[in-house]
Protein chains: 2
Amino acid sequence: MPATETLLDHTLIALADPTRRAILRRLAQGEARVTELAAPFAISLNSVSKHIRLLERAELISRRRVGREHILSFRPEPLRAARQWIERQERFWAAGLEALDAVLTAEQDKED
Amino acid sequence: MPATETLLDHTLIALADPTRRAILRRLAQGEARVTELAAPFAISLNSVSKHIRLLERAELISRRRVGREHILSFRPEPLRAARQWIERQERFWAAGLEALDAVLTAEQDKED
DNA sequence: CTTATATTCATCCTTATGGGTGAATATTGT
DNA sequence: ACAATATTCACCCATAAGGATGAATATAAG
């Protein structure tokens, strides 16, 4: 982890924990308060609060305060960036296979 | 991190480090030996070796030994699973927006 | 004003990362 | 047999995660 962590780093770190993914799944379907988010888990409210902070660092969620309640909302942009990184690797890989296939086909043609 | 870490966990953990992403980018374009993979980095060969182990745990790469050389190859499947998890959240989010939009439109119609 | 609710802050503990170094192992080349 | 090459193994160190608990803060409700 270099001194300069990118948003993509933060996004993937945030996604790498099952509790945070569950929280995000929940928030993708609509806003919720911290206590509501914590309810399904066996861990302390405090731990959930920390997970929320990591999700905020990744800009995957944002917080709006209404009185004593903190209302969290899903933010889709970082997911898009992470998905695009993955898609790029998948495409490079596919391109490599095609190139290899072309080479092998050419070899085969030479032999005929 | 529960005692039961899933392959998706391992995949996202593996992707969460820039060095490993660089290694994967490289391998997506063709096989390479450990030393070749390590060359672009300022870190020790040993550290690269450890990164490789995490990538193997995630099944993002596989290893084939040829004499004293270990040849690493990219394996696309886990990336596909990770991408699909992301796409699912993106779709849930979009569906939520549409539903909200429908509600607001209905409200508007009532007022007219 | 007092109490209950919603959250975070401050600590503390344990484990996993990420990095380093030196030795061990395996294989190749002379 | 010997030296060079390719990798891992065994440790050591620092920091971040993930969890817990108890206190502090802020707001709502009686």
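Keep in mind that this is a model prediction, so the values were computed, not measured. Below, chains carry the letters A, B, ... as their sequence lines are ordered, and counting in each starts from 1.
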- A/Glu87 and A/Arg83 ion-paired at < 4.0 Å: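 Yes, charged N to carboxylate O under 4.0 Å.
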
- May I ask whether A/Leu60 and B/Ile13 are part of the same hydrophobic cluster, defined by side-chain heavy atoms of I, L, V, M, F, W, Y residues being less than 4.5 angstrom apart, directly or through others?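 Not linked; separate clusters.
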
- Task: Kindly work out whether a path of hydrophobic side-chain contacts (I/L/V/M/F/W/Y, heavy atoms less than 4.5 Å apart) joins B/Leu24 to A/Leu8.
- Result: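 Same hydrophobic cluster.
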
[atom1] of [X] versus [atom2] of [N]: gap in Å, rounded?
{"X": "B/Leu15", "N": "C/dT17", "atom1": "CG", "atom2": "C1'", "answer": "15 Å"}
{"X": "B/Leu37", "N": "D/dT7", "atom1": "CG", "atom2": "C1'", "answer": "13 Å"}
{"X": "A/Asp9", "N": "C/dG18", "atom1": "CG", "atom2": "P", "answer": "10 Å"}
{"X": "A/Glu36", "N": "C/dA6", "atom1": "CD", "atom2": "P", "answer": "10 Å"}
{"X": "B/Arg33", "N": "C/dT28", "atom1": "CZ", "atom2": "P", "answer": "13 Å"}
{"X": "B/Glu69", "N": "C/dT27", "atom1": "CD", "atom2": "P", "answer": "12 Å"}
{"X": "A/Ile52", "N": "C/dA6", "atom1": "CD1", "atom2": "P", "answer": "14 Å"}
{"X": "A/Ile71", "N": "C/dA6", "atom1": "CD1", "atom2": "P", "answer": "12 Å"}

- Item | Non-hydrogen atoms of A/Arg21 and A/Leu15 that approach each other most closely |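 So the two residues come closest at NH1-O, 2.8 Å.
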
- For the residue pair A/Ala82 and A/Leu12, what are the closest heavy atoms and their distance?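 So the two residues come closest at CB-CD2, 4.3 Å.
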
Nearest to side-chain heavy atoms of [X], which nucleotide of [options]:
{"X": "B/Lys50", "options": "D/dT8, C/dG20, D/dA6", "answer": "C/dG20"}
{"X": "B/Arg63", "options": "D/dT8, C/dA6, D/dT7", "answer": "D/dT8"}
{"X": "B/Ser49", "options": "D/dT8, C/dT8, D/dA6", "answer": "D/dT8"}
{"X": "B/Ser44", "options": "C/dG20, D/dA6, D/dG18", "answer": "C/dG20"}
{"X": "A/Ile43", "options": "D/dT7, D/dG19, C/dT7", "answer": "D/dG19"}
{"X": "B/His51", "options": "C/dG20, C/dG19, C/dT7", "answer": "C/dG19"}
{"X": "B/Asp17", "options": "C/dA6, C/dG18, D/dA6", "answer": "C/dG18"}
{"X": "A/Arg53", "options": "C/dG20, C/dC9, C/dT17", "answer": "C/dC9"}

- Remember a base hit wins even if backbone is also touched, and classify A/Leu54 as base, sugar-phosphate or nothing at under 4.0 Å, heavy atoms.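 Sugar-phosphate, backbone atoms only, no base.
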
- Between atom CD of A/Glu59 and atom OG1 of A/Thr11, what is the distance when rounded to the nearest 0.5 Å?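 Rounded to the nearest 0.5 Å, the CD-OG1 separation comes out at 7.5 Å.
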
- Please determine, by modelled atom types, if A/Asp9 and A/Thr6 share a side-chain donor-acceptor pair under 3.5 angstrom.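 A pair is found: one side chain offers a donor N or O, the other an acceptor, under 3.5 Å apart.
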
Would you tabulate the nitrogen or oxygen pairs shorter than 3.5 Å linking the protein to nucleotides 22-30 of chain D?
{"unit_1": "D/dG22", "atom_1": "O6", "unit_2": "A/Asn46", "atom_2": "ND2", "d": "2.5"}

- Task: Establish, with yes or no, whether the OP1 or OP2 oxygen of C/dT17 is under 4.0 angstrom from a side-chain nitrogen or oxygen of B/Arg57.
- Result: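 Yes, within the criterion.
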
- Item | N or O in side chain of A/His70 less than 4.0 angstrom from C/dT8 OP1/OP2 |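 Yes, within the criterion.
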
- Query: With nearest nucleotides of DNA chain D determined for A/Ile13 and A/Ser47 from heavy-atom distances, which residue corresponds to the more 5′ nucleotide?
  - Reply: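 Its nearest nucleotide lies further toward 5', so the answer is A/Ile13.
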
- For B/Trp85, check ring-ring contact (aromatic ring centres under 6.0 Å, His included) against everything at least two apart and list the hits.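 If we apply the ring-ring contact (aromatic ring centres under 6.0 Å, His included) test to B/Trp85, skipping adjacent residues, there are no hits.
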
